[in-house]
Trainee: 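Structure below; questions to follow.
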Amino acid sequence: MSRFLDCATRATGLLLAVACAFPGASGALARADDTALFEAVRAADLRVAAIGWRLATANAALCDRTEAGIGLQLHTLDQFDSGRREAARAYFGFATPVAVEGVLVGGPAERAGLRADDSLVRIGSVRIAELPGRPGTTDRLVAAQLGIGALPPEARIEVDAIRAGTPIHLTLQPMRVCKSRFELDLDGGFDASADGAMVQIGSGFLDDYPDSQLAAVIAHEFAHNILHHRDRLEARGVDYGLLAGFGANVKYFRQTEVQADLLSVYLLANANYPARAGVAFWERFGPSKAGGILRSRSHPAWRDRVATLEAEAAKVETLSSRPLVPAVITERGRPLDGDWQSILIRHR
C-alpha cells in the first residue's frame, strides 16, 4: 500500500520526488505526470506484493498465525493527496473507497475473475461502505485487509464489485497463508522493518536489487514476524530507537537478527528462491550501506551475516523435501535469552 501526501507533509508516510517535481504544472502536463506516476506505483506495489504472497503461501506450514489469503493488492482514494485525488479517481475508476490495484498471478482472486481497477462493494462479510476510518488516512484500507484476513480460510467468499460502472458478482475460494501484510514505502530509502503484523520495505531496494535479493530482504523481515520477535523483545522490556544499541538491549536484538537470517534461508528455499539470495544481497549491500555505529551495535557485522547465511544455505541445498521447517521455529514460544554468539558464524 502506498501513500501520496502533500509535498510539505511527511508525518504519516512517504513522499515521491516525482509527485512534487511540478507543483505548478499545467493541466495537460500534470495529467501526463499523474499517469506515469500511478502506473509506476502500481508496478512497484505489485512487485513487493507478489514476492510477499509467494513467501506467505509457500511457508504457511511454518506459521502459527494464518489468515484467509485471496491474492489481491488493494488501494484507496484516501492514500492520494488532495491535489491528485480526483485524477486518481478517474484513472483507476474508483467507484467505492477501496478498489483492486492489482491481482496476484495464480491467486484465488485471479482464478475467480477479479481484475485490476474493480471497485469493491463487499468481500464476504466485509462491506466497504461500513468500514471505519478517518478521511485522508489508510484506516479503511487497513480495516479492509484485516477484515478479509479474518474470514474463514476454508469457506468460499462471495464478492460484489463494480467494473467500469457495472455491478459484478463473483465467488472465490481463499487459501490459508501466513498472516502478514507487505507494504512498500516509496521514500526511495533502504529501510526495512517488521512490526509483528506487517513487513515494510523502502523503495530503494526495488531500484538496485533483482527480485531474488529483494525477496531475501522481505524474507528476513517476514521471519521476524513468524518468530514473534516484536512480542518477545517487548516481553524482555528492551528499548527501541537510539537505545537499541546499548546495554542489555544489544544481545537481544542481535539474537533476533541472527535468528531471522537463519529462518530467511528456509523461507526463500520453500518459495523456490535461491537459498543463497541473502548471501548475494549482503555481499552487495554490506560494503556501502551496513555501517553506522548504532546499527553495528544492534546488528551483527555484515561479513559475519554472510558467513552464517552461507553455512545455512549449504545445509538447505542438501535437502529436497518441501516445506522445510527449521529448528528455530520451535523456539518462538520461548523467551529470548540473548545468546546470539552461539548461532552466528564468524567471517574468517
Side-chain angles (χ1 to χ4, degrees), residues 1-4 34-35 37-50 52-54 56-57 67-80 84-177 179-184 198:
M1 120 182 107
S2 306
R3 294 180 291 273
F4 295 82
D34 285 341
T35 296
L37 176 62
F38 294 155
E39 284 305 324
V41 170
R42 192 203 305 260
D45 275 346
L46 286 174
R47 185 179 173 198
V48 170
W53 174 256
R54 183 168 163 181
T57 54
E67 64 183 6
I70 61 175
L72 278 182
Q73 180 69 10
L74 304 179
H75 62 169
T76 174
L77 269 177
D78 289 324
Q79 292 171 268
F80 298 88
R84 283 181 169 76
R85 198 162 293 144
E86 287 309 309
R89 185 193 304 275
Y91 185 79
F92 294 113
F94 276 99
T96 66
V98 177
V100 178
E101 186 179 21
V103 296
L104 302 180
V105 175
E110 184 191 54
R111 293 197 299 269
L114 276 167
R115 301 177 188 170
D117 298 338
D118 287 347
S119 294
L120 298 178
V121 176
R122 176 178 70 94
I123 299 185
S125 61
V126 181
R127 298 183 180 276
I128 301 303
E130 299 174 3
L131 295 174
R134 297 161 296 164
T137 72
T138 57
D139 289 351
R140 284 187 288 189
L141 180 60
V142 172
Q145 293 170 326
L146 293 176
I148 293 167
L151 296 172
E154 297 81 13
R156 294 172 70 82
I157 299 174
E158 303 293 319
V159 180
D160 291 311
I162 299 173
R163 178 178 296 163
T166 301
I168 61 172
H169 180 83
L170 301 168
T171 303
L172 62 82
Q173 178 63 57
M175 56 193 299
R176 187 178 293 276
V177 302
K179 187 177 183 66
S180 190
R181 305 196 314 276
F182 299 89
E183 177 179 308
L184 174 64
M198 179 179 69

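Small disclaimer: the values here were computed from a predicted structure and weren't measured.
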Trainee: Could you grab the distance from atom NZ of K179 to atom CE of M198, nearest 0.5 Å is fine?
Mentor: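 Rounded to the nearest 0.5 Å, the NZ-CE separation comes to 13.0 Å.
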
Trainee: Dump the intermediate steps for side-chain contact (heavy atoms from CB on, under 4.5 Å) on V41 and E101, then the final yes or no.
Mentor: CA-CA 10 Å; V41 170; E101 186 179 21; 4.3 Å; yes

Trainee: Quick one, W53 and V177 - any side-chain contact, counting heavy atoms below 4.5 Å?
Mentor: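 W53 reaches V177 side chain to side chain.
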
Trainee: Ignoring hydrogens and geometry, is there a side-chain-to-backbone donor-acceptor pair from S119 to G93 under 3.5 Å?
Mentor: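 Such a contact is found between S119 side chain and G93 backbone.
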
Trainee: How far apart are the closest heavy atoms of L151 and G124, and which atoms are they?
Mentor: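 What the structure gives for the nearest pair is CD1-CA, 4.4 Å.
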
Trainee: Under a 3.5 Å distance rule, please check whether R176 uses its side chain to pair with a backbone N or O of G69 as donor and acceptor.
Mentor: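 Not at all, since once roles are kept as given, no pair shorter than 3.5 Å links the two residues.
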
Trainee: Heavy atoms, side chains only, cut-off 4.5 Å: are D78 and T137 in contact?
Mentor: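 D78 does not reach T137 side chain to side chain.
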
Trainee: Do D139 and L131 come close enough that some side-chain heavy atom pair is under 4.5 Å?
Mentor: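 They are not in side-chain contact.
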
Trainee: List the atom of G102, the atom of A116, and the distance in Å for their closest heavy-atom pair.
Mentor: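 Closest pair (atom of G102, atom of A116, distance): CA-CB, 4.1 Å.
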
Trainee: Quick one: sort the F94 and H75 rings into parallel, tilted or perpendicular, breaks at 30° and 60°.
Mentor: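 Ring orientation, 0 to 90° scale: tilted.
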
Trainee: Where the side chain of E110 meets the backbone of R115, is there a donor-acceptor pair that is under 3.5 Å apart?
Mentor: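 No: the side chain of E110 does not pair with the backbone of R115.
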
Trainee: Does any N or O in the side chain of T96 come within less than 3.5 Å of the main-chain N or O of V121, such that one atom is a donor and the other an acceptor?
Mentor: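 Absent.
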
Trainee: For R122 and R127, work out which heavy atoms get closest and say how close.
Mentor: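 So the minimum-distance heavy-atom pair works out to CD-NH1, 3.3 Å.
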
Trainee: Measure the spacing between CD1 of I157 and CG of L170 and express it to the nearest 0.5 Å.
Mentor: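 Here the interatomic distance stands at 12.0 Å.
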
Trainee: Using the six-membered ring wherever Trp is involved, compare the ring planes of F80 and F38 and label them parallel, tilted or perpendicular (cut-offs 30° and 60°).
Mentor: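 Correct class here is perpendicular.
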
Trainee: Checking the side chain of R140 only, and the main-chain atoms of I128 only, is there a donor and an acceptor separated by less than 3.5 Å?
Mentor: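 No, the answer is negative, given that no donor and acceptor are paired below the 3.5 Å cut-off.
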
Trainee: Hey, does I70 have a side-chain heavy atom less than 4.5 Å from the side chain of L114?
Mentor: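 When only atoms from C-beta onward are counted, I70 and L114 do not touch, as no gap falls below 4.5 Å.
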
Trainee: Looking at CZ of F182 and CZ of R47, how far apart are the two atoms once the value is rounded to the nearest 0.5 Å?
Mentor: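 So the gap between those two atoms works out to 15.0 Å.
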
Trainee: Is there a side-chain contact between L72 and I148 (heavy atoms, below 4.5 Å)?
Mentor: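 Answer no - side chains too far apart.
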
Trainee: Heavy-atom distance under 4.5 Å between the side chains of V126 and L120, does that happen here?
Mentor: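 The answer is no; the side chains never approach within 4.5 Å.
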
Trainee: Looking only at heavy atoms, what is the nearest atom pair of L104 and A49, with distance?
Mentor: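 Minimum heavy-atom contact is CD1-O, 3.8 Å.
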
Trainee: Under 4.5 Å between any side-chain heavy atoms of R181 and L146, yes or no?
Mentor: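 Counting from C-beta outward, R181 and L146 do come under 4.5 Å.
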
Trainee: Restricting to non-hydrogen atoms, name the atom on P108 and the atom on L172 that form the minimum distance, rounded to 0.1 Å.
Mentor: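 Heavy-atom minimum between the residues: O-CB, 3.9 Å.
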
Trainee: I want to check something: taking the side chain as every heavy atom from C-beta on, are D118 and V159 in contact at a cut-off of under 4.5 Å?
Mentor: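 With C-beta onward as the side chain, the pair stays apart.
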
Trainee: To the nearest 0.5 Å, what is the distance between CG (L77) and CD (E86)?
Mentor: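 Answer for the CG-CD pair, L77 versus E86, is 7.5 Å.
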
Trainee: If I take atom CD from residue E183 and atom CD from residue Q145, how far apart are they, to the nearest 0.5 angstrom?
Mentor: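 It is 8.5 Å, given to the nearest 0.5 Å.
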
